[in-house]
Amino acid sequence: VSRPQTLKLDGITVEFSSGDTLLELAQRCGREIPSLCHDPRLAPAGACRTCLVEVEGQKRLVPSCMTPAAEGMSVATGGERVDRHRRTLFGLYLTDHPGPGGDDNELLSMATRYGAPSDWGRLPSRRGGRSDDRNPYVLFDAERCILCARCTRYCDEVEGVSAIALSGRGAETTISTADGLSLLDTSCELCGGCIDVCPTGAMTEKLPRTRGEPATAQLEPVRTTCNFCGVGCQLDLLVDPKANGGRGRVVRTSSPEPGTTTNDGNLCVKGRFAYDFIDHPERLTHPLVRGTDGELHETSWDEALAAAADGLRGVAERHGPDALGFVSSSRCTMEENFLVQKLARAVFGTNNVHQCAAT
Amino acid sequence: MNQSVDMRFAALTQLRFFEAESCGQCSPCRIGSQYLREALERHCSGEGGDDLLAHVAEVAWQMNEGSICGLGQTAALPLTTALEHFPEEFES
């Protein structure tokens, strides 16, 4: 067994494991380092330069996101030089950004937090957009983009799709598709991950914008299990509590932080964008039981369940349990599907049970 | 170059070169090289006055500290050294 490795972090001796980066180590020790291009699911890029720290003996500040912790290192996550670096870097970012856009903006909160000057003027944005992209979900606002490339690296490294990529060079660098095509004409699966990882609101969802929905800060997140398939992805429904006369309405969804749920911050096109059915007028919101008049009537859950139980028991008594068959849905969770087969096998005694995804 | 050269013009030519050569990967160089060129252009044209030029020292410091490669780390020198050695040429 080797001796634990240690280094000095802001004067305090801390242990680390081989492979830890300075950023990971600092975060674990509760130190605060700003970062815009980092995502634990992605290979470090070191492009946004916000996470630079001072390492004793190194002439230059080093990007903590891609510098491996090493035995005996002495690292400063603050101090005059690092503070001035953050102040001036965020000041520079502000000259190339249009300012608040009504929604979460990591860049602007960091700029405020680290005391960036806001009087350095504004530069004209030279990043080209794709305003004519007819895809129904993802809107790219080139002016707000800071080219941290979280979205393009996510598209490549996590989704394995590479529908979007950095394009051009210098101040004209932008996020684009092959030949500037609409996302619909690329390999894009419309998972919306680019929206989720964007720190400045440059990648946003079209529908809530065109509907003029309230900003995220005014929405209440409700954690739930996606019901489009049995994988069990966790997602947060972002609910406008004042809508629908106080009953609330799902304005959009977002994925939980990477590393906290089984889906690791990822969602697919259905989980991320298919929430309009919730308030669809044709959606059944009460159980229906067919009356003696042959029509379906709204009823209570107790009565509906009693009617279903009577019907099922009646068939089993008259014709035996194998006269029954249970078909469940891939839109149920794994637990719900388990209960359906339990009902079939243990309660009624038949193995006639199927689920539409079990081909 | 000789004594007849306008140092602002000489610096501007080099700033345009560095801006064109900036690859865009890191923000200090990408935004900074654009900022410096814009600052000097506005100063020379008299449009918008010197509001950007006043922050050149801080921008240059950031480009030197924050840029990934040697291009961004030195791209501010034509302007900062012109300001340092030929301040009279920047008086309007």
Side-chain angles (χ1 to χ4, degrees), chain A residues 36-37 45-54 58-63 66 80-97 107 111 116-127 145-149 152-153 166-175 199-200, chain B residues 12-80 83:
Chain A
L36 287 168
C37 69
C48 77
R49 311 311 282 169
T50 56
C51 76
L52 301 197
V53 293
E54 203 168 5
Q58 295 263 5
K59 184 168 169 260
R60 304 194 55 79
L61 298 175
V62 301
M66 55 195 314
E80 201 183 324
R81 188 177 174 198
V82 170
D83 289 348
R84 185 179 178 194
H85 160 69
R86 289 174 185 165
R87 213 166 47 237
T88 52
L89 178 60
F90 283 118
L92 213 42
Y93 269 122
L94 290 183
T95 67
D96 193 31
H97 193 77
L107 171 70
S118 53
D119 61 344
W120 283 12
R122 272 292 310 281
L123 301 171
S125 170
R126 287 159 58 194
R127 290 178 290 280
C145 179
I146 53 162
L147 299 168
C148 67
T152 59
R153 290 180 293 131
L166 289 169
S167 151
R169 65 195 303 282
E172 282 162 21
T173 313
T174 190
I175 310 292
T200 62
Chain B
L12 186 55
T13 306
Q14 293 178 70
L15 292 182
R16 282 179 178 149
F17 167 80
F18 283 121
E19 186 189 9
E21 288 301 316
S22 173
C23 79
Q25 184 189 357
C26 69
S27 43
C29 172
R30 182 184 69 240
I31 308 172
S33 62
Q34 199 184 351
Y35 190 95
L36 298 183
R37 190 261 311 145
E38 190 85 20
L40 188 51
E41 260 182 10
R42 286 189 200 178
H43 165 83
C44 291
S45 69
E47 290 167 25
D50 286 344
D51 36 337
L52 296 192
L53 212 59
H55 309 291
V56 158
E58 283 297 273
V59 172
W61 184 88
Q62 168 52 229
M63 290 173 74
N64 180 252
E65 284 283 6
S67 296
I68 295 174
C69 85
L71 187 126
Q73 288 162 21
T74 51
L77 286 175
L79 182 55
T80 52
L83 281 165

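Every chain is numbered from 1 and lettered A, B, ... according to where its sequence line falls, protein lines coming before strand lines.
- Applying the salt bridge (Lys or Arg N to Asp or Glu O under 4.0 Å) test to R60(A) and every residue at least two apart in sequence or in another chain returns nothing.
- Contacts between A45(A) and chain B at a heavy-atom distance below 4.5 Å involve the backbone alone (N, CA, C, O).
- Residues C29(B) and L71(B) share a closest heavy-atom pair of SG-CD2, 3.8 Å.
- Proximity of a side-chain donor or acceptor of R126(A) to a complementary backbone N or O of G170(A) within less than 3.5 Å is not detected.
- Using a 4.5 Å cut-off between heavy atoms, T88(A) contacts chain B through both its backbone and its side chain.
- In this structure, R30(B) and Q25(B) approach most closely via the heavy-atom pair NH1-O, 3.9 Å.
- Residue contact with chain A, scored on non-hydrogen atoms closer than 4.5 Å, is absent for A54(B).
- Taking all atoms of both residues into account, the shortest heavy-atom contact from C26(B) to I68(B) is SG-N, 3.4 Å.
- The residue among D119(A), L166(A), T50(A) with the most heavy atom pairs within less than 4.5 Å of chain B is D119(A).
- Listed by first and then second residue, the salt bridge (charged side-chain N to carboxylate O under 4.0 Å, His left out) pairs involving residues 81-90 of chain A are E54(A)-R81(A), R81(A)-E65(B), R84(A)-E58(B) (not counting sequence neighbours).
- At a 4.5 Å heavy-atom cutoff, the contact between P124(A) and chain B is made by backbone and side-chain atoms alike.
- For S33(B), no part lies under 4.5 angstrom from a heavy atom of chain A.
- For L92(A), the parts lying under 4.5 angstrom from a heavy atom of chain B are both the backbone and the side chain.
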